[in-house]
Colleague: 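Provided herewith is a single structure, encoded as structure tokens, for subsequent inquiry.
The model shown is predicted, which means the values in this text are computed figures rather than measured ones.
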Amino acid sequence: MKTKQKPERFIDDEGKRVDGRNPDELRPVHIESGVLNRADGSCYIELGDNKIMAAVYGPREVHPRHLAEPDRAIVRYKYNMASFSVSERKRPGPGRRDKEISKVSAEALESAIFLEKYPNSVIDVFVEIIESAAGTRATSLTAASVACADAGIPMKDLIASCASGKVDDTIVLDVNEVEDNYGQADLPIAIMPKNEEITLLQMDGNLTRNEFEKAIKLAKKGCHQLYEEQKKALKTRYGGN
């Protein structure tokens with residue numbers, strides 16, 4: 001859904017983007033963990049105008065039972081955009097895009113969890129987009145990872161996720177709504193920051209090989225910055241270094 005007009009230029013003469021950021025700059029970010037009393041783990045995140053809540057339940061018994069895996073837990077990830085999350089009311093219920101994001105996000109998150117510790121069980125992850133302003137799949141995954149850690153689920157590392165993109169032939173970090181709607185490319189990734197293993201990589205648009213490598217490098221830089229904010233949120237709740 002394209003909600004804003006395409007600007008004449010995405011980058012001005014001073015190298016600033018339409019929202020005043022530098023090309024390699026994230027939008028302001030705020031992360032809180034443990035915000036829901038009735039979930040086993042939870043997280044609230046704001047990235048720019050994005051506002052997202054994540055809740056985790058489990059590991060717990062799988063229903064229906066035929067979905068259970070005898071040697072590991074399964075991850076069920078439900079991404080949902082609230083009807084009021086965008087400027088024009090969204091039809092309630094999961095659409096094709098929601099289901100696709102849920103599937104790839106579950107796979108990205110599974111990579112970091114020691115699933116073999118919980119055979120025949122399920123970890124349910126619910127993500128609710130309260131306000132959407134581009135980059136919600138990546139931002140949701142960043143929040144879901146903190147919620148899993150808040151639930152005490154053993155993980156190899158947190159998952160941090162961020163997108164880079166291309167506007168006016170310039171590679172930029174963390175595309176905003178206008179850049180997402182009218183830009184030349186969008187490349188969301190998710191990584192485990194300790195070893196930079198990529199657990200999600202998607203691309204919309206066209207990039208040359210050099211641009212692709214630059215976009216990956218820039219997105220990883222954004223992920224590391226988000227990783228520090230994730231750790232800060234968990235330390236605020238639980239203490240420690």
Colleague: For residues 145-168, which residue pairs qualify under side chain to side chain donor-acceptor pair (under 3.5 Å), counting only residues two or more places apart or in two chains?
Modeller: D150-R237, D150-Y238, D157-Y227, K166-E211
Colleague: R17: what forms a side-chain hydrogen bond (donor to acceptor under 3.5 Å, both in side chains) with it, not counting sequence neighbours?
Modeller: E179
Colleague: So how far is it from D40 CG to R60 CZ, rounded to the nearest 0.5 Å?
Modeller: 7.5 Å
Colleague: For side-chain contact (heavy atoms from CB on, under 4.5 Å), just list the numbers for T236 and L234, CA-CA rounded to whole Å, side-chain angles, deciding distance to a tenth of an Å, and then say yes or no.
Modeller: CA-CA 5 Å; T236 298; L234 290 167; over 6 Å; no
Colleague: Under a 4.0 Å N-O cut-off, is there an ion pair linking R27 with D19?
Modeller: no
Colleague: Could you tell me if the side chain of I171 sits less than 4.5 Å from the side chain of L207, heavy atoms only?
Modeller: yes
Colleague: Hey, does the side chain of Q230 reach the backbone of T142 with a donor-acceptor pair shorter than 3.5 angstrom?
Modeller: yes
Colleague: Heavy-atom distance under 4.5 Å between the side chains of I52 and I130, does that happen here?
Modeller: no
Colleague: Assess the residue pair E46 and V29 against the criterion (side-chain contact (heavy atoms from CB on, under 4.5 Å)); give the C-alpha distance rounded to whole Å, side-chain angles, the decisive distance to 0.1 Å, and a yes or no.
Modeller: CA-CA 6 Å; E46 292 182 1; V29 60; over 6 Å; no
Colleague: Please list all pairs passing the salt bridge (Lys or Arg N to Asp or Glu O under 4.0 Å) test where one or both residues lie in residues 219-231, with sequence neighbours left out.
Modeller: D24-K221, E196-K220, E228-K231, E229-K232
Colleague: What verdict does the side-chain contact (heavy atoms from CB on, under 4.5 Å) test give for H30 and E32, after you've listed the backbone C-alpha separation in whole Å, the side-chain angles of each residue and the deciding distance to 0.1 Å?
Modeller: CA-CA 7 Å; H30 171 71; E32 287 183 60; 2.9 Å; yes
Colleague: Looking at D98 and G95, would you say the former's side chain and the latter's main chain have a donor-acceptor pair under 3.5 Å?
Modeller: yes
Colleague: Going by an N to O cut-off under 4.0 Å, is there a salt bridge joining R21 and D174?
Modeller: yes
Colleague: Show the nearest heavy-atom pair for residues M155 and A149, with the distance to one decimal.
Modeller: SD-N, 3.9 Å
Colleague: Are the side chains of V122 and P59 in contact, using a 4.5 Å heavy-atom criterion?
Modeller: no
Colleague: Donor-acceptor pairs under 3.5 Å, side chain of residues 104-118 to any protein atom, not counting sequence neighbours: which ones?
Modeller:
{"unit_1": "S105", "atom_1": "OG", "unit_2": "I101", "atom_2": "O", "d": "2.7"}
{"unit_1": "E107", "atom_1": "OE2", "unit_2": "K103", "atom_2": "NZ", "d": "2.7"}
{"unit_1": "S111", "atom_1": "OG", "unit_2": "E107", "atom_2": "O", "d": "3.2"}

Colleague: Would you please say whether a donor-acceptor pair under 3.5 Å links the side chains of E131 and N50?
Modeller: no
Colleague: Could you state the interatomic distance from CG (L187) to CD (Q202), rounded to the nearest 0.5 Å?
Modeller: 9.5 Å
Colleague: Atom CG of N120 and atom CG of L67: how far apart are they, to the nearest 0.5 Å?
Modeller: 11.5 Å
Colleague: Less than 4.5 Å apart, side chain to side chain, heavy atoms only: is that true for M203 and D186?
Modeller: no
Colleague: Side chains of V127 and N80: closer than 4.5 Å at any heavy-atom pair?
Modeller: no
Colleague: What is the minimum heavy-atom distance between A144 and V125, and which atoms define it?
Modeller: CB-CG1, 3.8 Å
Colleague: Do you know which two heavy atoms are closest between C162 and A138, and how far apart they sit?
Modeller: N-CB, 3.8 Å
Colleague: For residues D13 and R9, report the shortest heavy-atom separation together with the two atoms involved.
Modeller: OD1-NH2, 2.8 Å
Colleague: Looking at residues at least two apart in the chain, or sitting in another chain, which of them share a side-chain hydrogen bond (donor to acceptor under 3.5 Å, both in side chains) with R65?
Modeller: E61
Colleague: Does CG in N206 sit with more than 12 non-hydrogen atoms of other residues, nucleotides or ligands closer than 6.0 Å?
Modeller: no
Colleague: According to salt bridge (charged side-chain N to carboxylate O under 4.0 Å, His left out), who are the partners of R38, at least two apart in sequence or on a separate chain?
Modeller: none
Colleague: Picking from V35, L36, V146, what satisfies side-chain contact (heavy atoms from CB on, under 4.5 Å) with Y44?
Modeller: V35
Colleague: Would you check, one step at a time, whether the test side-chain contact (heavy atoms from CB on, under 4.5 Å) holds for L201 with I216?
Modeller: CA-CA 9 Å; L201 193 158; I216 289 286; 3.7 Å; yes
Colleague: Distance check, rounded to the nearest 0.5 Å: C223 atom SG versus L26 atom CG?
Modeller: 9.0 Å
Colleague: Is there a side-chain contact between N176 and V18, using heavy atoms and a 4.5 Å cut-off?
Modeller: yes
Colleague: Find out whether D169 and Q184 are in side-chain contact, i.e. whether some heavy atom of one side chain is under 4.5 Å from a heavy atom of the other.
Modeller: yes
Colleague: For the side chain of S85 and the backbone of A82, is there at least one donor-acceptor N/O pair under 3.5 Å apart?
Modeller: yes
Colleague: Closest heavy-atom contact between I129 and S132?
Modeller: CG2-CB, 3.9 Å
Colleague: Scan side-chain atoms only and decide if N22 and K16 contain a donor-acceptor pair under the 3.5 Å cut-off.
Modeller: yes
Colleague: Mind checking the CG-NZ spacing from L173 to K217? Nearest 0.5 Å is all I need.
Modeller: 13.5 Å
Colleague: What are the two closest heavy atoms between A54 and A147, and how far apart are they?
Modeller: O-CB, 4.0 Å
Colleague: Shared ILVMFWY cluster between L200 and I198, side chains joined below 4.5 angstrom?
Modeller: yes
Colleague: Between L218 and I191, is there a shared hydrophobic cluster once you connect ILVMFWY residues whose side-chain heavy atoms come closer than 4.5 Å?
Modeller: yes
Colleague: Step by step, work out the salt bridge (charged side-chain N to carboxylate O under 4.0 Å, His left out) result for E213 and R209.
Modeller: CA-CA 6 Å; E213 290 174 353; R209 179 166 182 164; 3.4 Å; yes
Colleague: F126 versus Y77: any side-chain heavy-atom pair under 4.5 Å?
Modeller: no
Colleague: What distance do S140 atom OG and M53 atom CE have between them, rounded to the nearest 0.5 Å?
Modeller: 12.0 Å
